[in-house]
Amino acid sequence: MVSEFMLQQTPVARVLEPWRQWVARWPEPAALADAPVSEAIRAWGRLGYPRRAVRLHAAAVAITERHGGVVPTELAALLALPGVGSYTAAAVLSFAHRQRHVVLDTNVRRVLARTLDGRAHPDPAPTAAERARAAALLPQQPAEAAEWAASSMELGALVCTARNPDCPRCPVQDLCRWRALGHPAWDGPPRRGQAWHGTDRQCRGALLASLRDTEEPLARETLVAGWPDPAQAARALAGLLADGLAEETEGRVGLPG
DNA sequence: CAGGCGTGGCA
DNA sequence: TTGCCAAGCCT
(Lines give C-alpha, C1' and ligand atoms only; values in the text may rest on other atoms or scores of the structure.)
Protein backbone atom coordinates (compact mmCIF):
# COMPACT_ATOMS: atom_id res chain seq x y z
CA MET A 1 0.00 0.00 0.00
CA VAL A 2 2.90 2.34 0.75
CA SER A 3 4.41 1.68 -2.65
CA GLU A 4 1.09 2.25 -4.39
CA PHE A 5 0.70 5.62 -2.71
CA MET A 6 4.20 6.59 -3.75
CA LEU A 7 3.70 5.34 -7.29
CA GLN A 8 0.68 7.53 -7.91
CA GLN A 9 1.96 9.73 -10.74
CA THR A 10 5.58 9.03 -9.83
CA PRO A 11 8.15 6.91 -11.72
CA VAL A 12 9.25 3.62 -10.15
CA ALA A 13 12.93 4.52 -10.16
CA ARG A 14 12.31 7.56 -8.00
CA VAL A 15 10.16 5.65 -5.52
CA LEU A 16 12.55 2.78 -4.75
CA GLU A 17 14.81 4.39 -2.15
CA PRO A 18 12.21 6.48 -0.29
CA TRP A 19 10.03 3.37 -0.14
CA ARG A 20 12.82 1.30 1.42
CA GLN A 21 13.44 3.96 4.06
CA TRP A 22 9.75 4.36 4.76
CA VAL A 23 8.89 0.70 5.33
CA ALA A 24 12.03 0.18 7.41
CA ARG A 25 11.04 3.06 9.66
CA TRP A 26 7.30 2.33 9.77
CA PRO A 27 6.89 -1.40 9.07
CA GLU A 28 3.20 -1.44 9.97
CA PRO A 29 0.28 1.01 9.97
CA ALA A 30 0.27 1.53 13.75
CA ALA A 31 3.90 2.67 13.69
CA LEU A 32 3.15 5.34 11.10
CA ALA A 33 -0.03 6.32 12.91
CA ASP A 34 2.03 7.00 16.05
CA ALA A 35 4.42 9.33 14.23
CA PRO A 36 3.66 13.03 13.81
CA VAL A 37 2.45 14.03 10.35
CA SER A 38 5.49 16.30 10.09
CA GLU A 39 7.75 13.25 10.03
CA ALA A 40 5.70 11.63 7.28
CA ILE A 41 5.97 14.81 5.23
CA ARG A 42 9.74 14.96 5.76
CA ALA A 43 10.17 11.28 4.93
CA TRP A 44 8.22 11.86 1.74
CA GLY A 45 11.13 14.04 0.66
CA ARG A 46 10.93 15.27 -2.89
CA LEU A 47 8.66 12.58 -4.30
CA GLY A 48 6.13 15.22 -5.23
CA TYR A 49 2.42 15.63 -4.47
CA PRO A 50 3.11 15.75 -0.72
CA ARG A 51 -0.59 15.60 0.08
CA ARG A 52 -0.08 11.89 -0.49
CA ALA A 53 2.11 11.78 2.62
CA VAL A 54 -0.62 13.42 4.67
CA ARG A 55 -3.22 11.04 3.28
CA LEU A 56 -1.05 7.98 3.81
CA HIS A 57 -0.56 9.00 7.42
CA ALA A 58 -4.31 9.57 7.80
CA ALA A 59 -4.95 6.17 6.23
CA ALA A 60 -2.59 4.57 8.77
CA VAL A 61 -4.52 6.23 11.58
CA ALA A 62 -7.82 5.02 10.15
CA ILE A 63 -6.48 1.48 9.71
CA THR A 64 -5.23 1.49 13.28
CA GLU A 65 -8.49 2.80 14.70
CA ARG A 66 -11.03 1.04 12.52
CA HIS A 67 -9.31 -2.13 11.36
CA GLY A 68 -7.15 -3.20 14.26
CA GLY A 69 -4.00 -2.09 12.51
CA VAL A 70 -4.50 -4.48 9.60
CA VAL A 71 -4.88 -3.20 6.05
CA PRO A 72 -8.42 -4.18 5.06
CA THR A 73 -8.89 -6.76 2.32
CA GLU A 74 -12.28 -5.57 1.14
CA LEU A 75 -12.64 -3.08 -1.68
CA ALA A 76 -15.16 -0.82 0.04
CA ALA A 77 -13.09 -0.57 3.21
CA LEU A 78 -9.99 0.34 1.22
CA LEU A 79 -11.85 2.92 -0.87
CA ALA A 80 -13.03 4.58 2.35
CA LEU A 81 -9.43 5.35 3.30
CA PRO A 82 -8.00 8.78 2.47
CA GLY A 83 -5.87 8.80 -0.65
CA VAL A 84 -7.15 5.42 -1.84
CA GLY A 85 -9.06 5.54 -5.10
CA SER A 86 -10.18 2.86 -7.51
CA TYR A 87 -6.70 2.18 -8.84
CA THR A 88 -4.92 1.93 -5.49
CA ALA A 89 -7.64 -0.19 -3.88
CA ALA A 90 -7.69 -2.64 -6.78
CA ALA A 91 -3.89 -2.73 -6.97
CA VAL A 92 -3.49 -3.57 -3.28
CA LEU A 93 -6.06 -6.36 -3.42
CA SER A 94 -4.81 -7.75 -6.71
CA PHE A 95 -1.07 -7.61 -6.08
CA ALA A 96 -1.03 -8.37 -2.36
CA HIS A 97 -3.95 -10.76 -2.12
CA ARG A 98 -4.47 -12.01 -5.66
CA GLN A 99 -8.12 -11.04 -5.61
CA ARG A 100 -10.02 -10.47 -8.84
CA HIS A 101 -10.27 -6.73 -9.58
CA VAL A 102 -9.99 -4.44 -12.58
CA VAL A 103 -6.66 -2.67 -12.14
CA LEU A 104 -6.95 0.20 -14.58
CA ASP A 105 -3.95 2.47 -14.51
CA THR A 106 -2.51 4.65 -17.24
CA ASN A 107 -0.36 1.77 -18.53
CA VAL A 108 -3.26 -0.62 -18.95
CA ARG A 109 -5.40 2.10 -20.45
CA ARG A 110 -2.73 2.83 -23.05
CA VAL A 111 -2.33 -0.87 -23.91
CA LEU A 112 -6.09 -1.19 -24.46
CA ALA A 113 -6.35 2.07 -26.39
CA ARG A 114 -3.65 0.87 -28.76
CA THR A 115 -4.46 -2.79 -29.18
CA LEU A 116 -8.25 -2.44 -29.30
CA ASP A 117 -8.93 1.09 -30.54
CA GLY A 118 -5.88 1.71 -32.68
CA ARG A 119 -5.27 4.98 -30.89
CA ALA A 120 -1.92 6.23 -29.64
CA HIS A 121 -3.23 7.30 -26.23
CA PRO A 122 -6.27 6.77 -24.02
CA ASP A 123 -8.68 9.62 -23.32
CA PRO A 124 -7.69 12.02 -20.54
CA ALA A 125 -9.95 10.36 -17.97
CA PRO A 126 -11.26 6.78 -17.79
CA THR A 127 -14.91 6.36 -18.73
CA ALA A 128 -17.47 3.87 -17.51
CA ALA A 129 -17.37 2.17 -20.90
CA GLU A 130 -13.64 1.78 -20.61
CA ARG A 131 -13.96 0.18 -17.20
CA ALA A 132 -16.64 -2.16 -18.49
CA ARG A 133 -14.45 -3.25 -21.36
CA ALA A 134 -11.53 -3.87 -19.04
CA ALA A 135 -13.82 -5.88 -16.75
CA ALA A 136 -14.94 -8.01 -19.68
CA LEU A 137 -11.32 -8.88 -20.46
CA LEU A 138 -10.50 -9.92 -16.90
CA PRO A 139 -10.08 -13.69 -16.43
CA GLN A 140 -12.64 -15.32 -14.13
CA GLN A 141 -10.24 -17.12 -11.82
CA PRO A 142 -8.82 -14.73 -9.22
CA ALA A 143 -5.27 -16.01 -9.60
CA GLU A 144 -5.41 -15.55 -13.36
CA ALA A 145 -7.03 -12.14 -12.95
CA ALA A 146 -4.20 -11.06 -10.67
CA GLU A 147 -1.70 -12.34 -13.23
CA TRP A 148 -3.53 -10.43 -15.94
CA ALA A 149 -3.49 -7.23 -13.92
CA ALA A 150 0.22 -7.41 -13.24
CA SER A 151 1.20 -8.42 -16.76
CA SER A 152 -0.98 -5.90 -18.58
CA MET A 153 0.46 -3.15 -16.41
CA GLU A 154 4.01 -4.30 -16.99
CA LEU A 155 3.40 -4.52 -20.72
CA GLY A 156 2.40 -0.87 -20.72
CA ALA A 157 5.20 0.19 -18.41
CA LEU A 158 8.06 -1.66 -20.11
CA VAL A 159 7.10 -2.30 -23.75
CA CYS A 160 4.00 -0.38 -24.81
CA THR A 161 5.39 2.88 -23.44
CA ALA A 162 4.02 6.33 -24.13
CA ARG A 163 6.91 7.64 -26.15
CA ASN A 164 9.03 4.89 -27.66
CA PRO A 165 7.07 1.64 -27.70
CA ASP A 166 9.12 -1.47 -28.45
CA CYS A 167 6.61 -3.11 -30.78
CA PRO A 168 8.99 -5.76 -32.18
CA ARG A 169 9.34 -7.12 -28.65
CA CYS A 170 5.61 -6.97 -27.89
CA PRO A 171 3.89 -10.32 -27.24
CA VAL A 172 0.61 -9.04 -28.72
CA GLN A 173 2.00 -7.18 -31.71
CA ASP A 174 0.07 -9.41 -34.12
CA LEU A 175 -3.30 -8.46 -32.69
CA CYS A 176 -2.57 -4.79 -32.10
CA ARG A 177 -4.85 -2.49 -34.05
CA TRP A 178 -2.60 0.54 -33.58
CA ARG A 179 0.34 -1.31 -35.11
CA ALA A 180 -1.83 -2.68 -37.94
CA LEU A 181 -2.85 0.88 -38.79
CA GLY A 182 0.77 1.98 -38.95
CA HIS A 183 0.97 3.73 -35.57
CA PRO A 184 -1.29 6.71 -36.36
CA ALA A 185 -0.51 9.82 -34.34
CA TRP A 186 -2.80 11.01 -31.55
CA ASP A 187 -5.83 12.71 -33.10
CA GLY A 188 -7.85 13.40 -29.98
CA PRO A 189 -7.99 16.59 -27.93
CA PRO A 190 -4.57 18.15 -27.28
CA ARG A 191 -2.92 16.47 -24.29
CA ARG A 192 -2.53 19.12 -21.68
CA GLY A 193 0.84 19.51 -20.06
CA GLN A 194 0.93 21.05 -16.63
CA ALA A 195 2.20 24.58 -16.31
CA TRP A 196 4.92 24.98 -13.73
CA HIS A 197 7.03 28.13 -13.94
CA GLY A 198 5.40 30.95 -12.02
CA THR A 199 2.42 28.88 -10.90
CA ASP A 200 0.91 28.54 -7.45
CA ARG A 201 2.07 24.94 -7.59
CA GLN A 202 5.69 25.98 -7.93
CA CYS A 203 5.21 28.40 -5.05
CA ARG A 204 3.69 25.73 -2.84
CA GLY A 205 6.64 23.48 -3.57
CA ALA A 206 9.10 26.20 -2.62
CA LEU A 207 7.30 27.06 0.61
CA LEU A 208 7.00 23.45 1.64
CA ALA A 209 10.68 22.87 0.92
CA SER A 210 11.45 25.64 3.41
CA LEU A 211 9.18 24.07 6.02
CA ARG A 212 10.74 20.63 5.55
CA ASP A 213 14.18 22.07 6.15
CA THR A 214 13.51 23.79 9.46
CA GLU A 215 12.81 22.25 12.83
CA GLU A 216 11.41 25.44 14.33
CA PRO A 217 8.35 27.11 12.81
CA LEU A 218 9.09 30.20 10.74
CA ALA A 219 7.53 33.62 11.05
CA ARG A 220 4.98 33.98 8.27
CA GLU A 221 6.91 36.98 6.91
CA THR A 222 10.16 35.01 6.85
CA LEU A 223 8.59 32.10 5.02
CA VAL A 224 6.93 34.27 2.41
CA ALA A 225 9.89 36.62 1.98
CA GLY A 226 11.72 34.37 -0.46
CA TRP A 227 8.93 34.49 -3.01
CA PRO A 228 8.72 37.44 -5.43
CA ASP A 229 4.92 37.65 -5.55
CA PRO A 230 3.49 38.22 -2.04
CA ALA A 231 -0.11 37.70 -3.07
CA GLN A 232 0.76 34.41 -4.69
CA ALA A 233 2.77 33.30 -1.67
CA ALA A 234 -0.15 34.12 0.62
CA ARG A 235 -2.47 32.14 -1.62
CA ALA A 236 -0.11 29.19 -1.76
CA LEU A 237 0.37 29.19 2.00
CA ALA A 238 -3.39 29.23 2.51
CA GLY A 239 -3.56 26.16 0.31
CA LEU A 240 -0.86 24.36 2.28
CA LEU A 241 -2.69 25.14 5.52
CA ALA A 242 -5.98 23.92 4.08
CA ASP A 243 -4.35 20.70 2.89
CA GLY A 244 -2.86 19.89 6.27
CA LEU A 245 0.66 20.36 4.94
CA ALA A 246 1.35 23.32 7.22
CA GLU A 247 0.16 24.67 10.54
CA GLU A 248 0.12 28.21 11.86
CA THR A 249 0.36 29.18 15.51
CA GLU A 250 0.78 32.76 16.68
CA GLY A 251 2.02 33.97 13.32
CA ARG A 252 4.53 31.17 12.95
CA VAL A 253 4.25 28.48 10.32
CA GLY A 254 5.61 24.95 10.47
CA LEU A 255 4.81 21.41 9.43
CA PRO A 256 1.74 20.04 11.21
CA GLY A 257 2.48 18.22 14.45
C1' DC B 1 -16.13 16.98 -13.99
C1' DA B 2 -12.42 19.99 -15.20
C1' DG B 3 -8.84 21.50 -12.92
C1' DG B 4 -5.48 21.57 -9.09
C1' DC B 5 -1.83 19.24 -7.18
C1' DG B 6 5.31 18.24 -7.31
C1' DT B 7 9.26 16.81 -9.12
C1' DG B 8 12.93 15.47 -12.07
C1' DG B 9 14.58 12.87 -16.15
C1' DC B 10 14.79 12.54 -20.86
C1' DA B 11 13.99 13.27 -26.00
C1' DT C 1 16.02 24.43 -24.19
C1' DT C 2 11.35 23.30 -23.83
C1' DG C 3 7.87 20.12 -23.47
C1' DC C 4 6.24 15.95 -22.31
C1' DC C 5 5.42 12.41 -19.01
C1' DA C 6 5.39 9.10 -14.54
C1' DA C 7 1.51 2.56 -11.20
C1' DG C 8 -4.13 9.11 -9.38
C1' DC C 9 -6.97 11.38 -6.07
C1' DC C 10 -10.01 14.87 -4.59
C1' DT C 11 -13.25 18.71 -4.96
Side-chain angles (χ1 to χ4, degrees), chain A residues 1-19 41-42 44-59 78-96 101-112 120-128 130-131 134 146 148-166 185-186 188-212 232 235-246:
Chain A
M1 189 170 130
V2 171
S3 72
E4 292 303 339
F5 264 75
M6 291 182 168
L7 287 165
Q8 291 167 4
Q9 300 281 279
T10 306
V12 175
R14 196 181 310 161
V15 162
L16 290 176
E17 193 48 36
W19 175 81
I41 295 171
R42 287 203 175 89
W44 198 258
R46 304 185 65 79
L47 275 179
Y49 292 136
R51 289 189 294 193
R52 293 181 292 168
V54 176
R55 290 172 182 158
L56 180 52
H57 182 273
L78 275 169
L79 285 172
L81 297 173
V84 178
S86 60
Y87 163 76
T88 301
V92 166
L93 297 180
S94 181
F95 302 153
H101 296 281
V102 175
V103 181
L104 197 62
D105 79 327
T106 188
N107 292 301
V108 177
R109 296 186 62 227
R110 185 174 53 251
V111 168
L112 298 185
H121 299 286
D123 288 322
T127 62
E130 199 178 340
R131 298 197 63 82
W148 168 266
S151 45
S152 57
M153 264 184 75
E154 291 297 290
L155 181 59
L158 303 178
V159 178
C160 191
T161 54
R163 272 183 284 202
N164 291 107
D166 192 1
W186 173 246
R191 295 158 62 70
R192 307 200 73 75
Q194 298 176 336
W196 173 247
H197 189 74
T199 60
D200 285 13
R201 186 186 303 207
Q202 183 188 21
C203 184
R204 280 172 60 110
L207 296 182
L208 190 61
S210 298
L211 296 180
R212 270 198 306 263
Q232 183 174 49
R235 196 164 60 239
L237 177 54
L240 292 175
L241 292 166
D243 288 343
L245 281 163

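Residue numbers begin at 1 in each chain, while the letters A, B, ... track the order of the sequences. Just so we're clear, the structure is a prediction, and the values are computed from it rather than from any experiment.
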Using a cut-off of less than 4.0 Å, is there contact between a side-chain N or O of [X] and OP1 or OP2 of [N]?
X      : N     : result
A:Q8   : C:dG8 : no
A:R204 : B:dG6 : yes
A:R14  : C:dA6 : no
A:R52  : C:dC9 : no

To the nearest Å, how far apart are [X] [atom1] and [N] [atom2]?
X      : N     : atom1 : atom2 : value
A:Y49  : C:dC5 : OH    : P     : 14 Å
A:R192 : B:dG3 : CZ    : P     : 7 Å
A:I41  : B:dC5 : CD1   : C1'   : 15 Å
A:Q194 : B:dG8 : CD    : P     : 15 Å
A:W196 : C:dC4 : CH2   : C1'   : 15 Å
A:D243 : C:dG8 : CG    : P     : 20 Å
A:H197 : B:dG8 : NE2   : P     : 16 Å

Students often get this wrong, so: under 4.0 angstrom with heavy atoms, is [X] touching a base, only sugar-phosphate, or nothing?
X      : value
A:G193 : nothing
A:T199 : nothing
A:R201 : base
A:V12  : base
A:P50  : sugar-phosphate
A:A91  : nothing

* **A:S86, nearest nucleotide to its side chain (from C:dA7, C:dC9, C:dA6)** =>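 Closest nucleotide among those given: C:dC9.
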* To do: Assess the side chains of A:Y87 and A:E4: does a donor N or O sit below 3.5 Å from an acceptor N or O?
  =>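 Distance-only check passes for A:Y87 and A:E4.
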* **Check: A:T10 side chain, B:dG6 base, donor-acceptor under 3.5 Å** =>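 Counting by modelled atom types and ignoring angles, a donor-acceptor contact under 3.5 Å is found here.
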* Of A:R163 and A:L47, the one whose closest DNA chain B nucleotide lies more 5' ->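 The residue closer to the strand's 5' end, by nearest nucleotide, is A:L47.
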